[in-house]
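The next block holds one structure in the form of structure tokens; read it before the comments.
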Amino acid sequence: MRLSRDAGLLAVLVALLAAGLLVVVSRDRPVGPAYRLDGHGQLGVSGLGAGLRSAGVEVRSGRRPAMAGDGLTVSVAPQGFSIDEAGRWLAAIRGGATLLLATDRNSRLTKALGLAVGPAGPPAVPTASAARAFPQAVTPGEPVAASFTRTPAGARALWTSGGDGVMVVFPLGKGSVWAISDPRWLTNRGVVATGLPIALPLARTAGATVTVDEYHHGVGESAGSFGYLPGWLQLVVLQLAVALIAAMITAARRLGPVRPEGATATRSTAELAGSLARLHRKAGRLETATVPLAAELRRRLGSTDSRLAGGLARLEGARREADAVEALAEIEQATRRLTGANR
């Protein structure tokens with residue numbers, strides 16, 4: 001069974017659409033900051049996500065601007081928070097989610113949380129609360145990258161630097177926020193000594209799944225805004241696109257070409273010479289063919305032009321086949337000159 005031309009074109013378009021989507025979806029946006037939150041490297045765990053997985057915790061990549069509504073969300077050195085995104089994150093925390101935030105710069109999120117990040121300070125000092133909450137965490141010996149100069153009411157300091165908080169915790173609705181002012185505690189070599197001993201107890205306490213915020217770390221859905229639509233809605237959009245393409249092809253085929261097709265080419269009068277000869281041999285007289293032919297040409301072409309009129313007269317009065325052929329050639333030249341065929 002052979003496919004129609006429309007079906008073949010539609011199949012090619014659908015294949016191109018599928019190939020384009022595969023190419024788009026298979027590519028990620030480049031990562032911005034120089035931190036690695038996932039994967040394996042030195043000491044077997046260069047990223048917090050890999051370390052949590054190796055401890056048996058379920059970890060997922062957060063490539064969406066919204067915060068997960070359950071479990072623990074880890075965001076290290078986030079960038080580009082909008083006011084709307086900060087508001088959605090606060091709503092998720094108030095609904096019961098837990099946030100582990102490590103940042104050394106102010107943003108719309110820190111402002112929404114009531115935090116203010118200040119300058120660097122001396123090495124951090126653990127409090128009694130830190131020793132109880134995270135007994136396995138090793139306090140880094142280098143000066144801290146930043147500290148919190150302002151924290152919300154009810155916040156408790158776990159590590160301090162020069163009187164300012166380096167790691168603080170405070171409740172927010174049904175959830176809680178654990179904020180660290182030095183991202184190095186949760187990245188690179190700091191993951192093994194400090195990051196995992198802090199994140200692992202929080203993950204087990206929060207339950208559910210740990211979400212690593214990669215969206216504000218520079219990685220998002222490679223398909224752009226389309227990638228953030230729900231899966232069922234993506235399928236509906238693709239189906240509508242295919243249906244629209246099919247309808248456009250069908251309509252184009254039924255409406256015909258954009259410009260009219262060229263007129264059917266007419267036969268040259270010189271091609272009638274052979275027919276004249278056959279008619280002459282059949283009838284016995286040449287005029288039985290030339291007279292009707294001249295009348296038909298006069299009806300079709302008229303005889304206002306002198307060359308055309310002369311050619312028609314010579315065709316009617318031809319006594320030899322050669323004369324008839326010459327008359328037909330003259331008529332054809334006159335016709336081309338009148339219609340502009342030689343232009």
Side-chain angles (χ1 to χ4, degrees), residues 33-38 41-43 45-52 55 57 72-79 81 93 98-107 109-172 175-206 210 212-213 216-217:
Y35 298 125
R36 282 199 63 184
L37 301 183
D38 207 349
Q42 189 176 11
L43 303 178
V45 281
S46 64
L48 197 64
L52 291 171
V57 178
L72 174 67
T73 296
V74 180
S75 184
V76 181
Q79 297 182 359
F81 256 98
I93 298 170
T98 302
L99 172 64
L100 175 57
L101 172 68
T103 181
D104 57 357
R105 64 185 64 188
N106 292 300
S107 65
L109 179 61
T110 57
K111 182 177 180 181
L113 293 173
L115 297 170
V117 181
V125 177
T127 64
S129 298
R132 288 193 301 268
F134 309 109
Q136 303 298 323
V138 176
T139 303
E142 70 270 12
V144 297
S147 58
F148 293 119
T149 57
R150 178 170 58 87
T151 57
R156 179 186 301 178
L158 301 174
W159 274 271
T160 61
S161 173
D164 294 327
V166 176
M167 181 174 183
V168 297
V169 57
F170 54 91
L172 188 60
S176 60
V177 177
W178 304 74
I180 302 174
S181 61
D182 194 336
R184 296 174 299 177
W185 287 24
L186 301 184
T187 59
N188 303 334
R189 293 186 179 182
V191 157
V192 177
T194 312
L196 283 174
I198 291 176
L200 190 55
L202 291 178
R204 290 171 175 167
T205 302
V210 174
V212 178
D213 175 28
H216 295 100
H217 196 66

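Quick note: numbers below take in every heavy atom, side chains included, and nothing from hydrogens, waters or symmetry partners. Since the model is a prediction, treat every value here as computed from it, not as a measurement.
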Residue pair P143 / D182: nearest heavy atoms and the distance that separates them: O-OD2, 4.3 Å
CG-CG distance between L72 and L202, expressed to the nearest 0.5 angstrom: 6.0 Å
Heavy-atom nearest pair, V212 first then G49, reads CG2-CA, 4.3 Å
Please round to the nearest 0.5 Å and tell me the distance separating atom CG of L101 and atom CG of L115. 7.5 Å
With side chains defined as the heavy atoms from C-beta onward, is the minimum distance between T194 and P140 less than 4.5 Å? yes
Roughly how far, to the nearest 0.5 Å, is the CG atom of L109 from the CD atom of Q79? 13.0 Å
One pair to check against side chain to side chain contact (heavy atoms under 4.5 Å, CB included): L48 and L196. What are the steps and the verdict? CA-CA 7 Å; L48 197 64; L196 283 174; 3.9 Å; yes
Any side-chain heavy atom of V117 within less than 4.5 Å of one from R105? no
Under 3.5 Å, is there a donor-acceptor pair between the side chain of T98 and the main chain of S176? no
Out of curiosity, M167 CE to T139 OG1, how far, rounded to the nearest 0.5 Å? 11.0 Å
Heavy atoms of I198 and F134 approach each other most closely as O-CE2, 3.4 Å
Which heavy-atom pair separates S75 from D213 by the least distance, and what is that distance? OG-OD2, 2.8 Å
Do side-chain atoms of T205 reach the backbone of P201 as a donor and acceptor pair under 3.5 angstrom? yes
Would W178 and V169 count as a side chain to side chain contact (heavy atoms under 4.5 Å, CB included) here? Give the steps. CA-CA 5 Å; W178 304 74; V169 57; 3.5 Å; yes
Correct closest heavy-atom pair for V144 and A120 would be O-CB, 3.2 Å
Check whether more than 12 heavy atoms from other residues, nucleotides or ligands sit under 6.0 Å from atom CD of Q136, and answer yes or no. no
Return the CZ to CD1 distance between F148 and I180, rounded to the nearest 0.5 Å. 8.0 Å
When every non-hydrogen atom of R156 is compared with those of S129, the smallest separation belongs to CD-OG, 3.4 Å
When the ring planes of W159 and W185 are compared, do they come out parallel, tilted or perpendicular, using 30° and 60° as the limits? perpendicular
Apply the test side chain to side chain contact (heavy atoms under 4.5 Å, CB included) to residues L113 and L172: give CA-CA distance (whole Å), side-chain angles for both, the deciding distance (0.1 Å), then the verdict. CA-CA 9 Å; L113 293 173; L172 188 60; 4.1 Å; yes
Heavy-atom distance under 4.5 Å between the side chains of L200 and V57, does that happen here? yes
With side chain to side chain contact (heavy atoms under 4.5 Å, CB included) as the test, would you mind laying out the steps for F170 and T151 before giving the verdict? CA-CA 9 Å; F170 54 91; T151 57; 5.8 Å; no
Here the gap from L100 atom CG to T73 atom OG1, rounded to the nearest 0.5 Å, amounts to 9.5 Å
Can you label the angle between the F81 ring and the H216 ring as parallel, tilted or perpendicular, going by 30° and 60°? parallel
